[in-house]
Engineer: 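Can you keep this structure in mind? I'll have questions shortly.
Values below: every heavy atom of this structure, side chains too, minus hydrogens, waters and symmetry copies. Note that the numbering runs from 1 along the sequence shown for the chain.
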Amino acid sequence: MKDVFISIRGRVLLNAEALNMTESVGNYVKHRRVPMMLKEEDGSYAVYFVPAISGESIAHGLQVAIAEKAKENNLPVCKLCGKGIFLKSSNKKIFQESFGQNVDEDKVEETVIKNCVVEDIGGFLYAEETNVKRTSNFYTGYMVPTYEGLKNVVIEPQLHSRYALGTKFVKEGQMIYYVEVSSSPYTFSLDIDTRFIGKLTFDVERAGQLVVGDAKQKRVEVLLDATQSFLIENGYGAKKTRFLPLSEWESMVVAVSDKVWTVPSPFTKDYIEKAKKKLSKISNNTDLHVYERDGEKSFEEFVADVIESVKKRIK
Ligand SMILES: [Zn+2]
């Protein structure tokens with residue numbers, strides 16, 4: 001199969017979301033915030049604390065989708081990753097529980113790659129007397145408010161109560177709690193590099209050696225299917241049983257190349273133009289796919305068509 005580098009950047013409008021909460025202080029649950037520096041008109045910079053959804057949250061969602069698609073396609077997934085518990089071979093006990101075998105410390109990476117597609121693609125860190133590290137084959141980061149939305153974004157604590165008066169369990173009052181809810185147009189970034197999928201990377205002597213044979217292509221196809229379902233079904237974030245946001249993708253650019261070729265940051269809305277300009281000067285056999293909300297294709301059609309074209313390209 002042919003390897004590809006896929007770079008995805010987009011903008012999604014999320015209303016009434018509580019997708020990434022941090023600590024709770026008493027009965028108050030806080031939304032994640034990050035500091036953002038913004039250049040002011042006089043050339044100085046000001047800091048804004050704005051709602052964000054972490055890259056870890058995105059990675060978790062994508063790995064859940066990878067585990068599901070891998071199982072559907074009868075590809076190996078370890079016991080813990082199969083349940084959405086991504087402890088990922090971090091020590092001897094977890095390794096034994098995950099793979100049902102004792103650790104041979106000379107073959108940690110090989111055993112993990114062969115027996116768990118999630119860790120082959122998403123990496124792991126085995127930290128015992130011997131340390132073995134596998135870097136993730138996909139890259140993502142914080143979803144933050146877009147430039148045009150950033151200064152107007154608010155976080156609002158919403159009051160909720162569990163009403164239980166009239167039962168023997170509650171004598172006085174109701175249990176009240178607050179959940180911080182936010183609304184914003186958010187940026188989205190995900191890069192995928194298939195080069196090292198199914199290959200050893202850690203031991204310098206053997207790095208680059210393919211240990212899954214022909215199954216590599218199937219693994220990449222599973223990753224593509226997982227990415228499609230992740231994007232179309234909004235696989236990122238948590239707290240969705242009662243705070244399911246209203247979401248709408250505004251735009252997306254996907255670049256598919258032979259080697260690293262990243263789409264410019266979607267923080268400002270000219271990122272689509274910037275991507276086209278970049279392609280006019282630099283191409284790694286790059287195909288550029290652009291989605292805009294008011295175009296002919298629906299978002300779902302766009303994603304499905306892109307994924308199908310990548311599947312053809314890798315064959
Ligand atoms: Zn695993």
Engineer: Using the side-chain hydrogen bond (donor to acceptor under 3.5 Å, both in side chains) rule, collect all pairs that involve residues 112-125, keeping only residues at least two apart or in two chains.
Structural biologist: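 Listed once each, the pairs are S89-E119, E110-K114, D120-R134, D120-R219.
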Engineer: For E105 and T130, test the side chains for any donor-to-acceptor distance below 3.5 angstrom and give the result as yes or no.
Structural biologist: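 A pair is found: one side chain offers a donor N or O, the other an acceptor, under 3.5 Å apart.
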Engineer: List, by chain and then residue number, the residues other than Y139 in its hydrophobic cluster (Ile/Leu/Val/Met/Phe/Trp/Tyr, side-chain heavy atoms under 4.5 Å); write none if there are no others.
Structural biologist: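 Noted: Y139 shares its cluster with no other residue.
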Engineer: Closest heavy-atom contact between A18 and E180?
Structural biologist: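 Heavy atoms only, the tightest pair is CB-O, 3.9 Å.
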Engineer: Show your reasoning for whether side chain to side chain contact (heavy atoms under 4.5 Å, CB included) applies to F267 and M36.
Structural biologist: CA-CA 11 Å; F267 184 55; M36 294 278 291; 3.6 Å; yes
Engineer: Between D258 and R313, does any side-chain N to carboxylate O distance fall below 4.0 Å?
Structural biologist: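 Salt bridge present between D258 and R313.
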Engineer: Looking just at side-chain N and O atoms, do D3 and T194 make a donor-acceptor pair shorter than 3.5 Å?
Structural biologist: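 T194 and D3 do have a side-chain donor-acceptor pair below 3.5 Å.
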Engineer: Are T286 and N284 close enough that a side-chain donor and a side-chain acceptor fall under 3.5 Å?
Structural biologist: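 No donor-acceptor contact under 3.5 Å links the two side chains.
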Engineer: Identify whether the distance between the nearest side-chain nitrogen and carboxylate oxygen of E97 and K93 falls below 4.0 Å.
Structural biologist: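 Salt bridge flag = no for K93 with E97.
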Engineer: Determine whether the side chains of K311 and Q217 contain a donor N or O and an acceptor N or O closer than 3.5 Å.
Structural biologist: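 There is no such pair (donor and acceptor under 3.5 Å, judged by atom type) between the side chains of K311 and Q217.
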Engineer: Is the closest side-chain heavy-atom distance between V4 and V310 below 4.5 Å?
Structural biologist: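 Result yes, sub-4.5 Å side-chain heavy-atom pair found.
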Engineer: Under 6.0 Å between ring centres, would you say that holds for F188 and W249?
Structural biologist: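 Distance test on ring centres: under 6.0 Å, yes.
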Engineer: Kindly indicate whether the side chain of K69, heavy atoms from C-beta on, has any atom under 4.5 Å from the side chain of V77.
Structural biologist: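 Side-chain contact under 4.5 Å: no.
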Engineer: How about F99 and F95: are their ring centroids closer than 6.0 Å?
Structural biologist: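 Here the rings of F95 and F99 have centres that are less than 6.0 Å from each other.
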Engineer: Is there a donor-acceptor pair under 3.5 Å between the side chain of N73 and the backbone N or O of L75?
Structural biologist: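 No, because the side chain of N73 does not come within donor-acceptor range (under 3.5 Å) of the backbone of L75.
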Engineer: Pick from V263, V256, T227: which one makes a side-chain contact (heavy atoms from CB on, under 4.5 Å) with I8?
Structural biologist: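 One option only clears the test, and that one is T227.
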Engineer: May I ask you to check if R162 and Y177 form a cation-pi contact, with NZ or CZ under 6.0 angstrom from the six-membered ring centre and within 45° of the axis?
Structural biologist: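 Yes, R162 and Y177 form such a contact.
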Engineer: Could you see if I155 belongs to whatever hydrophobic cluster contains L14? Use Ile, Leu, Val, Met, Phe, Trp, Tyr and a side-chain cutoff under 4.5 Å.
Structural biologist: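 No, because I155 and L14 fall into different hydrophobic clusters, even though each may have its own neighbours under 4.5 Å.
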Engineer: I'd like to check L210 versus K216 (side-chain heavy atoms, cut-off strictly below 4.5 Å). Are they in contact?
Structural biologist: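 In short, these two side chains touch, coming nearer than 4.5 Å.
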Engineer: Under 6.0 Å between ring centres: does that hold for Y178 and H160?
Structural biologist: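 No, too far apart.
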Engineer: Could E40 and K151 be called an ion pair, given the rule that one side-chain N must be under 4.0 Å from one carboxylate O?
Structural biologist: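 Judged by the 4.0 Å cut-off on N to carboxylate O distance, E40 and K151 do form a salt bridge.
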Engineer: Regarding T201 and E109, is there a side-chain donor-to-acceptor distance under 3.5 Å anywhere?
Structural biologist: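 Yes, side-chain donor-acceptor contact under 3.5 Å.
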Engineer: Counting C-beta onward and ignoring hydrogens, is there a side-chain heavy-atom pair between F230 and I58 closer than 4.5 Å?
Structural biologist: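 Side chain of F230 against side chain of I58, heavy atoms only: contact under 4.5 Å found.
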Engineer: Give a yes or no on whether V222 and V303 share a hydrophobic cluster (residues Ile, Leu, Val, Met, Phe, Trp, Tyr; joining criterion: side-chain heavy atoms under 4.5 Å apart).
Structural biologist: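 Yes, it is one cluster - the side chains of V222 and V303 are joined through contacts under 4.5 Å.
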Engineer: Quick check: does any side chain N or O of S251 sit under 3.5 Å from a backbone N or O of G10, one acting as donor and the other as acceptor?
Structural biologist: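 No, S251 side chain to G10 backbone: no donor-acceptor pair under 3.5 Å.
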Engineer: Find out if a path of hydrophobic residues (ILVMFWY) with successive side-chain heavy-atom gaps under 4.5 Å connects L190 to F196.
Structural biologist: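 No.
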Engineer: Would you please test Y126 and K92 for side chain to side chain contact (heavy atoms under 4.5 Å, CB included) and show each step?
Structural biologist: CA-CA 8 Å; Y126 177 80; K92 257 181 207 164; 3.4 Å; yes
Engineer: Check whether any side-chain N or O of S24 sits under 3.5 Å from a backbone N or O of N27 as a donor-acceptor pair, and report yes or no.
Structural biologist: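 Not confirmed, S24 side chain does not pair with N27 backbone.
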Engineer: Less than 4.0 angstrom from a charged side-chain N to a carboxylate O is my criterion; do E148 and R11 meet it?
Structural biologist: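 Yes, charged N to carboxylate O under 4.0 Å.
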Engineer: Which residues pass the salt bridge (Lys or Arg N to Asp or Glu O under 4.0 Å) test with E296, sequence neighbours left out?
Structural biologist: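 Scan of E296 (salt bridge (Lys or Arg N to Asp or Glu O under 4.0 Å), adjacent residues dropped) gives none.
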